[in-house]
Visitor: 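Handing you a structure now.
Given the structure is predicted, the values throughout are model-derived calculations rather than measurements.
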Amino acid sequence: MEGHNLDTPVRDINFQRYCSCVFEVGQRVMCRAFLYLYHHHHQDPNVYVGQRLDVIPNGWARIGAIGKAALARRESPINMDICLLYILLQRTCGLKPDTQNNSVWNSPTSDTVAEELEHQLYLLKEIRNNLAHDTNAYMNLTKQELIEKVNVLERLCCNIVTKAAIHTGRSSDTVATDTSRITSQLHDILTSSLPPKIHPQEWSIMAHEEQRAALPQSQEFFAQAHLRLPRNEEAPPEGDVNFLHTFLSWRYSDGSPIQVIIVKGQAGVGKTKWCKEVWKSSVSSKMTDSTEYDLVVKVECSQVTTRDVGRLIKEELLPQASQDCDPGQVVNLLTSLRVVWLLDGMEEPAPEAIHLLQQIINKFSDKHLVLVTCQHSYVNEVLTRVQNKRVIEITLEGLSRNGFHSLLKHLLQNEQLYSRFVKDAKDLNAEVVKELFNPLKLTLAVTLWQEGTLDLGNKASFPQLYSAVERALVVKVSARMADKWGLTTREARDRMYAWLKELYCLAFQMTLKNQLVSLDKHNTELLKEKSLLLLPSYSDCFSTFLTSQPDINSSETTYRFIHLSQQYYLAAQYVCQQLLSDSSQELMSLLHVDVSNVTDSDVSNVTDTDVGNVTDTDVNNVTDTDVSNVTDTDVNNVTDTDVNNVTDTDVNNVTDTNVGNVIDTNVNNVTDTNVNNVTDTDVNNVTDTSQYDQLYDTLLWVFSILDSRSELNERIEKTLTSVLSHCRRCDWMEVVHHAGYSDNLARLVGQYMSDTWYVTNRHLGAATLLLKHTTPSLLSVNITANYNSLHQHLMPFLEQVALADTKVGEFLLWSMRVVCVIRASGSLTLTSNNSLATHRGATTSQGDFELSGRHSLNRCYEELSVRLIRDGCA
């Protein structure tokens with residue numbers, strides 16, 4: 001420092017030195033005072049301090065999640081933060097009580113009282129808090145300012161250890177040793193020629209400030225979202241975006257903190273927006289000594305370029321805070337902190353993101369909370385990466401009711417237009433209205449409505465909305481193309497639709513290979529080649545139906561679908577074309593199902609010339625349960641080469657276990673699925689269920705599109721149900737919902753339903769229909785409803801439940817003002833929403849009960865309707 005101007009700010013070194021003085025020396029002083037006093041005050045000092053808090057009234061008050069976690073794992077006081085040590089000193093060390101008024105701790109009444117140990121400890125805690133909460137005040141210290149602040153800290157620390165030593169009867173030599181050590185440690189930090197070691201708390205402060213500086217200056221619009229939480233967890237207050245304090249308070253069944261939270265939801269439901277808003281709210285809020293996390297890190301999975309968490313933080317997310325650290329040091333710092341990771345978009349991750357998730361889980365899971373957003377169909381993929389961890393799932397269902405209206409007003413920016421849209425939307429089908437609570441779909445509907453291409457009065461469905469967008473874009477681009485290249489309007493449109501078919505096919509192929517949103521170089525070139533065969537120029541089509549961004553690694557342009565839901569819609573259009581044409585076999589081959597020998601005909605194609613290949617001994621190997629269904633005629637006509645041609649009608653009762661006992665037959669690869677459930681396909685090659693998981697969302701779109709066109713028939717339902725039956729996590733209620741409540745489909749999928757059903761608002765109609773065909777052993781219901789929807793959806797559902805032979809383990813109904821809880825006795829209780837937690841616990845503890853008979857249900861209807869009308873909810 002020789003020759004350096006003392007008035008010149010030296011931001012990095014002086015700030016780091018002062019942080020080291022406070023977080024290292026100050027923490028040691030607070031720890032020494034605690035150890036002196038704790039061991040002196042208790043006859044058995046070997047009892048851990050956390051056990052003392054259990055027997056002290058309000059002993060755990062004001063201790064946040066970080067402190068509770070440290071005490072739960074019996075952390076040594078040597079590793080505790082100043083704020084936690086301060087609370088433990090107040091409650092377990094025999095010092096004066098901290099009263100609300102005129103406290104000796106923070107409100108001394110005289111200079112003499114101010115010199116007492118309690119107030120000195122308070123002053124040290126405040127120095128730590130001021131440094132952590134008002135970082136900018138310490139970022140431009142001159143050397144002289146640094147020395148003055150360290151001198152104040154030295155006097156305070158020496159006072160604390162002196163008074164603590166005297167209070168516990170220690171010798172003057174001990175006091176001299178302690179104070180000399182403090183002076184020496186502070187001097188070493190100030191005079192060291194090497195940059196001081198970065199303390200974890202210091203690094204988290206700098207990281208938090210770097211994040212705050214990166215927040216967008218303009219306020220982005222955010223509409224309130226509706227989360228469906230695990231049934232026994234506390235719900236965040238309405239309109240509260242900073243859910244982290246709620247998440248951090250959740251506990252697993254054994255009382256330990258949650259390690260992983262999976263936030264799932266449909267494409268376009270607002271997961272990315274919600275995740276960003278949670279991060280912004282957490283970063284912009286002021287850190288206090290009661291804040292339950294040190295740092296919140298948001299990672300966009302599609303943009304991850306490294307699987308090394310240290311490099312990711314240092315090079316991409318927090319380069320300023322980490323400039324004096326190597327990646328290994330960053331990992332060590334993270335290990336010492338309570339970090340919340342927000343991993344957004346795990347359904348479309350870069351390859352490195354999967355490994356990054358694994359590394360975070362393996363390295364930090366004991367102290368960190370990992371929150372992952374993804375679509376429903378990708379939950380299993382995430383679960384495989386977080387095995388043996390404490391995991392819960394929550395569902396982002398879309399906009400809340402207030403969020404819906406606030407977004408609608410934001411989009412229209414006109415009160416009269418808002419009122420007109422609401423009035424027109426009243427004519428929409430109730431299921432479409434539900435879909436409008438998806439922010440992306442609401443935005444799309446408003447845009448089309450304003451352009452005049454969507455008539456809400458015609459009860460439009462969402463496939464119709466997407467189709468309307470597509471038609472509008474085709475008209476726009478073909479008109480420009482016809483004018484530019486001298487084509488007729490008809491010619492231009494025909495070429496456009498031919499190009500769209502190529503885009504459909506590409507979207508399907510990419511989805512099948514789990515290539516999501518972004519087109520790689522090969523797919524881009526392939527689409528360009530197809531385009532040039534049909535169009536004079538591909539640029540208009542690419543810019544209209546795709547988005548683009550420059551590739552950071554080259555001068556080329558990378559193309560993407562506008563949103564993942566657009567890719568699913570386009571892929572579904574391809575599947576629809578195949579199902580409705582003579583190309584169903586081609587489609588099945590693309591699904592990796594061999595249908596080369598399968599026709600729609602039955603076993604009449606098997607001739608008598610093949611009889612000789614099956615002997616009596618073959619028949620003996622068929623189990624008793626199956627022999628009864630195999631006739632002599634059937635056996636005589638089956639050969640080893642022709643088994644592949646036998647359709648589902650001939651093997652109704654033959655499972656994979658039984659087929660294995662028939663010799664000379666090529667059926668070794670039949671999966672666990674009963675052959676009876678496969679239509680017009682040879683199941684020999686159906687083994688990799690992950691391929692079907694990738695098509696789950698696309699096939700839901702297929703159902704919706706065909707239903708909106710009234711083109712869904714029994715053959716198609718049977719084929720799609722067969723494919724979906726191979727998915728590891730198929731939500732059959734969602735399938736029935738997307739298929740427009742087809743009774744035939746409900747009958748088909750009934751055999752795949754689990755014994756336990758969990759019914760929410762979205763699936764009331766599907767559950768009502770499915771109950772006509774199959775019955776669960778246990779039914780749980782958790783719904784929100786206004787008075788009108790009670791009659792439209794809930795009452796038919798309850799009527800069907802009353803007719804079914806099933807048990808209802810829990811029934812929770814949230815109305816606008818009341819909560820309905822059906823208890824084990826079958827009685828109906830109505831309370832205010834404020835009493836929800838009490839009644840939820842009571843309901844759970846009461847056990848199962850049966851809803852049976854019309855008399856009790858009619859009484860419930862009557863009581864519920866009267867109460868809702870009286871409270872003004874109608």
Side-chain angles (χ1 to χ4, degrees), residues 227-233 243 247-248 250-254 256-267 269 271-272 274-275 298-302 304 307 309 339-397 511 514 516 564 671-672 687-700 724-735 752-758 760 780:
L227 285 171
R228 173 154 53 86
L229 307 178
R231 281 168 283 172
N232 295 322
E233 302 300 347
F243 298 140
F247 293 158
L248 289 164
W250 289 353
R251 291 293 179 269
Y252 209 60
S253 55
D254 61 359
S256 53
I258 300 298
Q259 295 172 306
V260 180
I261 298 176
I262 300 175
V263 182
K264 56 190 178 182
Q266 295 178 326
V269 81
K271 299 184 296 296
T272 296
W274 177 83
C275 190
K298 185 173 79 70
V299 180
E300 295 180 22
C301 294
S302 62
V304 173
R307 62 183 63 182
V309 66
V339 179
V340 178
W341 297 88
L342 304 178
L343 305 183
D344 180 42
M346 192 53 74
E347 71 270 8
E348 46 179 312
E352 292 80 3
I354 298 294
H355 298 282
L356 183 70
L357 170 62
Q358 198 79 60
Q359 190 179 111
I360 292 172
I361 291 297
N362 292 338
K363 286 182 178 293
F364 311 119
S365 60
D366 289 340
K367 293 180 67 174
H368 293 197
L369 171 66
V370 181
L371 189 150
V372 180
T373 72
C374 66
Q375 293 182 25
H376 295 270
S377 53
Y378 290 83
V379 171
N380 276 340
E381 179 67 27
V382 177
L383 289 174
T384 59
R385 306 288 175 174
V386 296
Q387 292 180 10
N388 303 319
K389 303 300 178 183
R390 297 183 292 275
V391 183
I392 62 173
E393 300 176 24
I394 63 179
T395 304
L396 183 59
E397 295 193 323
T511 304
N514 202 28
L516 302 180
L564 187 56
T671 64
D672 291 339
T687 54
D688 186 2
T689 57
S690 63
Q691 295 175 347
Y692 297 95
D693 292 337
Q694 292 156 15
L695 287 173
Y696 172 73
D697 293 280
T698 297
L699 296 181
L700 290 181
L724 284 170
S725 68
H726 297 289
C727 293
R728 290 174 294 179
R729 198 182 177 94
C730 179
D731 186 341
W732 291 107
M733 289 191 189
E734 190 74 6
V735 173
Y752 301 112
M753 295 294 293
S754 66
D755 287 337
T756 302
W757 295 9
Y758 182 63
T760 60
S780 294

Visitor: Report yes if the side chains of Y378 and N514 come closer than 4.5 Å at any heavy-atom pair, otherwise no.
Guide: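 SC-SC contact between Y378 and N514 confirmed.
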Visitor: Could you list the residues that satisfy side chain to side chain contact (heavy atoms under 4.5 Å, CB included) with T395, not counting sequence neighbours?
Guide: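 Counting only residues at least two positions away or on another chain, T395 forms a side chain to side chain contact (heavy atoms under 4.5 Å, CB included) with R228, K264, H376, E397.
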Visitor: Would you compute the distance between atom CD1 of I361 and atom CD of Q359 and round it to the nearest 0.5 angstrom?
Guide: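 Rounded to the nearest 0.5 Å, the CD1-CD separation comes out at 11.5 Å.
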Visitor: Please list, chain by chain and in numerical order, all residues satisfying side chain to side chain donor-acceptor pair (under 3.5 Å) with D697, sequence neighbours excluded.
Guide: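 For D697, the residues satisfying side chain to side chain donor-acceptor pair (under 3.5 Å) (neighbours in sequence not counted) are S377.
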Visitor: How many angstroms lie between CG in L564 and NZ in K271, if you round to the nearest 0.5 Å?
Guide: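 L564 CG to K271 NZ: 8.0 Å, rounded to 0.5 Å.
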Visitor: So which heavy atom on L724 is nearest to which on C730, and how close?
Guide: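 Residues L724 and C730, closest heavy atoms: O-CB, 3.9 Å.
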Visitor: When rounded to the nearest 0.5 angstrom, what distance separates CG in L357 from CD in E381?
Guide: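 Output value for this atom pair is 9.5 Å.
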Visitor: What I'd like to find out is whether the side chain of L356 reaches to under 4.5 Å of the side chain of W341, using heavy atoms alone.
Guide: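 No, too far: nothing below the 4.5 Å cut-off.
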Visitor: Nearest 0.5 angstrom please: L343 CG to I262 CD1, how far?
Guide: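 That separation rounds to 11.0 Å.
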Visitor: If the condition is side chain to side chain contact (heavy atoms under 4.5 Å, CB included), which residues does I354 pass it with, not counting sequence neighbours?
Guide: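 Expected list: M346, P349, R385.
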Visitor: Please report the closest heavy-atom contact between T373 and G345, naming both atoms and the distance.
Guide: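 Taking T373 first and G345 second, the nearest heavy atoms are OG1-N, 2.9 Å.
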Visitor: Once side chain to side chain donor-acceptor pair (under 3.5 Å) is applied, do any residues pair with Y696, and if so which ones, sequence neighbours excluded?
Guide: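 In terms of side chain to side chain donor-acceptor pair (under 3.5 Å), with neighbours along the sequence ignored, Y696 is linked to no residue.
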Visitor: If I compare all heavy atoms of S754 with all of T756, which pair ends up nearest, and what's the gap?
Guide: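 Scanning both residues, the minimum pair turns out to be OG-O, 2.8 Å.
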Visitor: Decide side chain to side chain contact (heavy atoms under 4.5 Å, CB included) for V339 and F364; before the verdict, give the C-alpha distance in whole Å, the side-chain angles of both, and the deciding distance to 0.1 Å.
Guide: CA-CA 9 Å; V339 179; F364 311 119; over 6 Å; no
Visitor: Supply the atom-to-atom distance I360 CD1 to H368 NE2, rounded to the nearest 0.5 angstrom.
Guide: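 Atom-to-atom, I360:CD1 and H368:NE2 are 9.0 Å apart.
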Visitor: Any chance you could measure L369, atom CG, to I261, atom CD1, to the nearest 0.5 Å?
Guide: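 Rounded to the nearest 0.5 Å, the CG-CD1 separation comes to 4.5 Å.
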Visitor: What are the two closest heavy atoms between C301 and A353, and how far apart are they?
Guide: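 Reported closest heavy-atom pair: O-CB, 3.5 Å.
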Visitor: Taking all non-hydrogen atoms of both residues into account, name the closest pair between Q259 and K389 and its distance.
Guide: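 Residues Q259 and K389, closest heavy atoms: OE1-CA, 3.3 Å.
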Visitor: Could you list the residues that satisfy side chain to side chain donor-acceptor pair (under 3.5 Å) with T272, not counting sequence neighbours?
Guide: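 In terms of side chain to side chain donor-acceptor pair (under 3.5 Å), with neighbours along the sequence ignored, T272 is linked to D344.
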Visitor: Heavy atoms, side chains only, cut-off 4.5 Å: are L383 and R729 in contact?
Guide: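 Yes - at least one pair of side-chain heavy atoms lies under 4.5 Å apart.
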Visitor: Apply side chain to side chain donor-acceptor pair (under 3.5 Å) to W757 and list each qualifying residue two or more places apart in sequence or on a separate chain.
Guide: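 Testing W757 for side chain to side chain donor-acceptor pair (under 3.5 Å), a comparison that skips the adjacent residues, returns none.
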Visitor: Where is the tightest heavy-atom contact between R390 and I258, given as atom of each residue plus distance?
Guide: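 Looking at all heavy atoms of both residues, the shortest contact is O-CG2, 3.7 Å.
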Visitor: Listed by chain and number, what are the salt bridge (Lys or Arg N to Asp or Glu O under 4.0 Å) partners of K298, not counting sequence neighbours?
Guide: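 With neighbours one apart ignored, the set is E300.
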